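Just so you know, residue 1 is the first one in the sequence shown, and it goes up from there. Quantities reported herein were computed from a predicted structural model and do not represent experimental measurements.
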Amino acid sequence: MKNLASGKSKEENESKSQLQPMKLSSYLIALRPWSWSVSLIPTLLGCTIAFKLNPDKDFSWIIMILTALTVLCVHGAGNLVNTYYDYVRGIDGRNSDDRTLVDHILSEKEVVPLGAILYLVGSITFFLLAALSPAKVEHLAGPFFCGLSISFLYTGGFGLKYIALGDLIFVIVFGPASVLFAYVSQTGKFNWEPIYYALPLALNTEAILHSNNTRDLESDSKAGIVTLAILIGRTMSHVLYAFLLFTPYIMFVVASIKCSKTFLLPLITLSWAFQIEKHLRSTDSMKNVPRETAKLNLFFGFSYIIALLLTETNRLPFILR
């Protein structure tokens with residue numbers, strides 16, 4: 001009997017050890033790592049601008065890492081809030097892209113605590129950032145707690161996403177706000193330049209959300225929510241997506257003529273952008289367009305950052321002298 005009991009116990013332990021990696025992978029899937037570029041790239045861009053525009057100041061890698069961790073934690077928590085409220089409101093269904101609760105990868109009781117933990121970790125890294133950054137605490141606290149609140153209110157509380165404000169929030173938070181937050185964290189001062197440099201990235205980032213809303217236009221309409229894609233219709237949504245996707249490339253061509261040829265570097269992703277835009281026009285191929293646009297955003301953003309690093313500071317546009 002002892003041998004039987006010990007054998008059974010051994011099998012249970014082995015089963016538990018196999019389930020733990022599976023559970024960890026489920027948590028990772030729920031955080032939607034494919035979307036992290038929309039918060040990570042603006043953070044790195046803001047740090048790059050701080051490095052280029054303030055060469056006389058020592059660049060802090062620790063501050064950059066803490067800034068990235070803070071933003072990613074809040075972003076991950078916001079993704080979980082989105083998952084939870086889309087599910088309980090009946091918006092996520094059989095054909096939805098987010099399968100966390102629909103396919104019971106995690107339960108509602110697991111998603112909520114995980115989101116709370118990420119908000120807590122993000123707050124801890126923020127306080128460490130505030131202690132090390134040359135910026136005044138109030139200059140960092142305002143944008144941080146505003147971003148934290150918006151990440152919740154996007155689908156929780158008022159549900160800004162459901163009343164056609166999602167696109168506006170997305171452009172501001174994952175564009176100028178994130179870039180400026182990272183810049184201020186490094187330099188301790190406010191300048192207008194980071195907002196200017198954030199514009200091409202903000203447009204490209206908004207293309208991710210807009211492609212998602214365009215794909216889900218019918219299902220969102222049936223669920224009773226309102227998005228910009230629903231308001232303007234499918235045809236104009238395709239036009240807007242093309243505008244968001246290709247306008248940044250035009251801006252870089254202009255910058256290459258007026259400032260430096262290095263701004264042509266992001267154009268290496270242009271053919272990829274054309275392929276993705278073509279996929280959005282077909283009902284059969286549009287399902288993966290948001291994820292493909294997110295991948296494009298990652299490479300587009302990195303090439304933009306490299307272009308800035310390679311450009312001589314005195315040839316960068318909108319430099320305060």
If you take all heavy atoms of S39 and V71, which pair is closest and at what distance?
CB-CG1, 3.4 Å
Between Y162 and T227, does any side-chain donor sit less than 3.5 Å from a side-chain acceptor?
no
Are the charged groups of E218 and K222 less than 4.0 angstrom apart, N to O?
no
Using the benzene-type ring in the case of Trp, are the ring centres of F174 and H75 under 6.0 Å apart?
yes
Does a donor on one side chain and an acceptor on the other come within less than 3.5 Å for R32 and T83?
yes
Does the side chain of F263 reach to within under 4.5 Å of the side chain of T311, using non-hydrogen atoms?
yes
For the residue pair Y249 and F300, categorise the inter-ring angle as parallel (less than 30°), tilted (30 to 60°) or perpendicular (more than 60°).
perpendicular
Path from I41 to L309 over hydrophobic side-chain contacts below 4.5 Å
yes
Might you work through the side-chain hydrogen bond (donor to acceptor under 3.5 Å, both in side chains) test for T70 and T125, ending with a clear yes or no?
CA-CA 6 Å; T70 301; T125 56; 2.9 Å; yes
Run the side chain to side chain donor-acceptor pair (under 3.5 Å) test against Y304 and tell me which residues pass, sequence neighbours left out.
none
Dump the intermediate steps for side-chain contact (heavy atoms from CB on, under 4.5 Å) on L148 and S123, then the final yes or no.
CA-CA 9 Å; L148 188 148; S123 297; 4.1 Å; yes
Side-chain contact test, heavy atoms from C-beta onward, threshold under 4.5 Å: evaluate it for I232 versus L240 and give yes or no.
yes
Going by heavy atoms in the side chains, are V289 and R215 under 4.5 Å from each other?
no
Considering residues, nucleotides and ligands other than F51, do more than 12 of their heavy atoms fall under 6.0 Å from its CZ?
no
Tell me the closest heavy-atom pair linking L45 and L308, and the distance in Å.
CD1-CD1, 3.3 Å
How long is the gap from OG on S237 to CG on L228, to the nearest 0.5 Å?
6.5 Å
Between N191 and Y183, is any side-chain donor less than 3.5 angstrom from a side-chain acceptor?
yes
For the hydrophobic clusters of this structure (ILVMFWY residues joined by side-chain heavy atoms under 4.5 Å, transitively), does one cluster hold both I169 and L153?
yes
Say whether, by atom type as modelled, one donor and one acceptor occur between the side chain of S282 and the main chain of H279 under 3.5 angstrom.
no
Do T67 and T43 have a side chain donor and acceptor closer than 3.5 Å?
no
Quick one: are L140 and S185 in side-chain contact, heavy atoms under 4.5 Å?
yes
Apart from V137 itself, which Ile, Leu, Val, Met, Phe, Trp or Tyr residues share its cluster (side-chain heavy atoms under 4.5 Å, direct or through members)?
none
Can you tell me if CG on L310 sees more than 12 non-hydrogen neighbours from other groups inside 6.0 Å?
yes
Going by atom types alone, do S151 and Y119 pair a side-chain donor with an acceptor below 3.5 Å?
yes
Between N297 and T205, do the side chains contain a donor N or O and an acceptor N or O under 3.5 Å apart?
yes
Is any side-chain heavy atom of E292 closer than 4.5 Å to one of W272?
yes
Flag side-chain contact, heavy atom, 4.5 Å: F274 against L245
no
Is any side-chain heavy atom of I208 closer than 4.5 Å to a side-chain heavy atom of E206?
no
Minimal non-hydrogen separation, P200 against F252, with atom names
CB-CZ, 3.8 Å
Does one hydrophobic cluster hold both L53 and F181, with members joined at side-chain heavy-atom distances below 4.5 Å?
yes
Hey, mind stepping through N79 and S35 against side-chain hydrogen bond (donor to acceptor under 3.5 Å, both in side chains) and telling me if it holds?
CA-CA 9 Å; N79 281 347; S35 71; 3.2 Å; yes
Between N288 and R291, do the side chains contain a donor N or O and an acceptor N or O under 3.5 Å apart?
no
Could you walk me through whether L199 and L203 satisfy the side-chain contact (heavy atoms from CB on, under 4.5 Å) test, starting with their C-alpha distance in whole Å, then the side-chain angles of each, then the deciding distance to 0.1 Å, before giving a yes or no?
CA-CA 6 Å; L199 292 178; L203 292 175; 5.6 Å; no
State, with a plain yes or no, whether a side-chain heavy atom of Y154 is found less than 4.5 Å away from one of V173.
no
Nearest atoms (heavy-atom pairs only) where I63 meets P134
CD1-CD, 4.0 Å
Just do the side-chain contact (heavy atoms from CB on, under 4.5 Å) check on V179 and I195 with the steps written out, would you?
CA-CA 7 Å; V179 173; I195 295 177; over 6 Å; no
Counting N and O atoms only, with roles assigned by atom type, does the side chain of T269 sit under 3.5 Å from a partner on the main chain of P266, one being a donor and the other an acceptor?
yes
Quick one: closest heavy-atom pair of C47 and M64, and the distance?
SG-CG, 3.4 Å
Before you tell me yes or no, could you show the steps for L129 and F144 under side-chain contact (heavy atoms from CB on, under 4.5 Å), namely the whole-Å CA-CA distance, both residues' side-chain angles and the distance that decides it to 0.1 Å?
CA-CA 11 Å; L129 172 65; F144 170 73; over 6 Å; no
Just checking F299: does its CZ atom have more than 12 heavy atoms from other residues, nucleotides or ligands closer to it than 6.0 angstrom?
no
Ion pair E312/R315, N-O distance below 4.0 Å
no
Okay, side chain of S256, backbone of K261: is any donor-acceptor separation there less than 3.5 Å?
no
Between the CG atom in L165 and the CZ atom in F170, the distance rounded to the nearest 0.5 Å is 14.5 Å
In terms of heavy-atom contacts, does CZ of F243 have more than 12 from other residues, nucleotides or ligands at under 6.0 Å?
no
Would a hydrophobic clustering, with Ile, Leu, Val, Met, Phe, Trp and Tyr connected at side-chain separations under 4.5 Å, put V81 with Y84?
yes
Can you confirm if the aromatic rings of F59 and W61 lie within a centre distance of less than 6.0 Å?
yes
Minimum-distance pair of heavy atoms, taken over all atoms of H238 and L280:
NE2-O, 3.4 Å
